[in-house]
Amino acid sequence: MSVPYKYQILPIEKVFRDTVHNYIHVQHQVILDLINSKEFQRLRRIKQLGTTSFTFHGGEHSRFTHSLGVYEVSRRICDIFVRNFSTEQLGIKDGWDDQERLVTLCAALLHDVGHGPYSHTFEHIFHTDHEEITAKIITSPETEIFQILNRVETGFPAKVASVILKNYPNPQVVQMISSQIDADRMDYLLRDAYFTGTQYGTFDLTRILRVIRPYAGGIAFQMNGMHAVEDYIVSRYQMYMQVYFHPVSRGMEVILDHLLKRAKELFRKNQTDFLCHSQLLVPFLREDHTLQDYLKLDDGVLNTCFIQWQQINDEILSDLARRFLDRKPLKSVLFNSTTDLDILNDLRRIIEKVGYDPDYYTATNRTYDLPYDFYRPNSASHRTQIELIQKDGELVELSKASNLVAALAGQSQGDERFYFPKEMVNEKQEQQRSIFETSYQEFRKYFVNGAIIHP
Ligand code: NI
């Protein structure tokens, strides 16, 4: 009798060489088939960090490589759980049930499969949602991924999707993929640090995997691993401040956002010359797209559109396309809640006087992250707090045991910036000797040390 698909183990395990985890080990036929599916292979063509590579040029790694990494971290956690905390083999109460392994690994591998090119910006303009699309790819009978998962057992695709959507009944499985310390974050911090060439994101993964353990409410960490967990939280905080929120990458993101916004505006006004080479974008401009339309997109499709748009007879579209391709970010200054918003309007007026459309050449960009928080019953977003297990088995929430984490807990970190064309403050700019000279001088009066002031 042949072995059911879900139990089929490769005769010799397959390995993928990896920069972060050295080897990614694949033992299940199901996992190998998922990796080889066309929807998963598409992730090779989507950069993990989007416009961040304009600042950190090494950060060109793909969502494919990150997804394999999340799978590998989850696989290692399952191995540790089954060795040390197995309910079935060791009789550990509220321990790990290894029947959950396959659903966990599939969810880990597929958690980002719905990402599109330059996700953040694309979603903002075209109102798509990568999490929703991930679930759709997994549960739509037309995809190869669905067909593979459905061979495991009927209803299995829905099970995998429910882990990603966080309503799967076993909290150990959900928290391994998605919590404040999960396989996803552990992989992207290490991977993004490696590829951007920064050191902030590094932490002791080996130690964390040594002290991680399951309990009835999910996943916790032994008390003697507290410093490794602390270090992970600090790493995450620093990666956000130094890499993910970098003002220049955000300046490129603003250009991308306005470029797509311009395309949408031209489409709305029926000025569709620019579409001759951009047919793949039409369903999104029309706001009526199918899953198959979405799966055709990747970074290359968008970049090819931008290359074509440079020649288009719309000054704004072609100029923004050029700025994006040639890496000409908008410049920015800080402002905050005490800044008089009339000042921003003054600045927009000056920019307009010089000849830029402020709708396309200025922006405000607010970027904040909460490095860690404990569970707050009245808060809008419920976070699963990180729990430490003491010797007597009692749980203690991380920020109660760690002063370092207590200092970061509940504190949003980030900034708010006003973006504008760099030419406005470039004193050597040829055109400043023109009739607009006074406007440029007036503009510069509003800034001191990279922040907006009242002149
Ligand atoms: Ni991810």
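First listed ligand is number 1; within each ligand, the first listed atom is number 1.
- Here the angle at the Ni ion (ligand 1) defined by OD2 in Asp112 and NE2 in His66 stands at 90°, rounded to 10 degrees.
- Computed with the Ni ion (ligand 1) at the centre, the His111 NE2 to Asp184 OD1 angle is 90°, stated to 10 degrees.
- By the side chain to side chain contact (heavy atoms under 4.5 Å, CB included) test, Gln175 is found to be paired with Pro171, Ser179, Ile219, Thr384, residues two or more places apart in sequence or in another chain being considered.
- Residue side and main chain included, Asp187 places no N/O/S atom under 2.8 Å of the Ni ion (ligand 1).
- Pairs of residues two or more places apart, or lying in two chains, that qualify as ring pair (Phe, Tyr, Trp, His ring centres under 6.0 Å) and include a residue from residues 81-102 are Phe81-Trp96.
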Inset, instruction - Tell me, with the steps shown, if His66 and His115 meet ring pair (Phe, Tyr, Trp, His ring centres under 6.0 Å). - result: CA-CA 12 Å; His66 161 65; His115 267 290; 8.6 Å; no
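- Aromatic ring pairs are classed by plane angle as parallel below 30°, tilted from 30° to 60° and perpendicular above 60°; the pair Phe122 and Phe126 is tilted.
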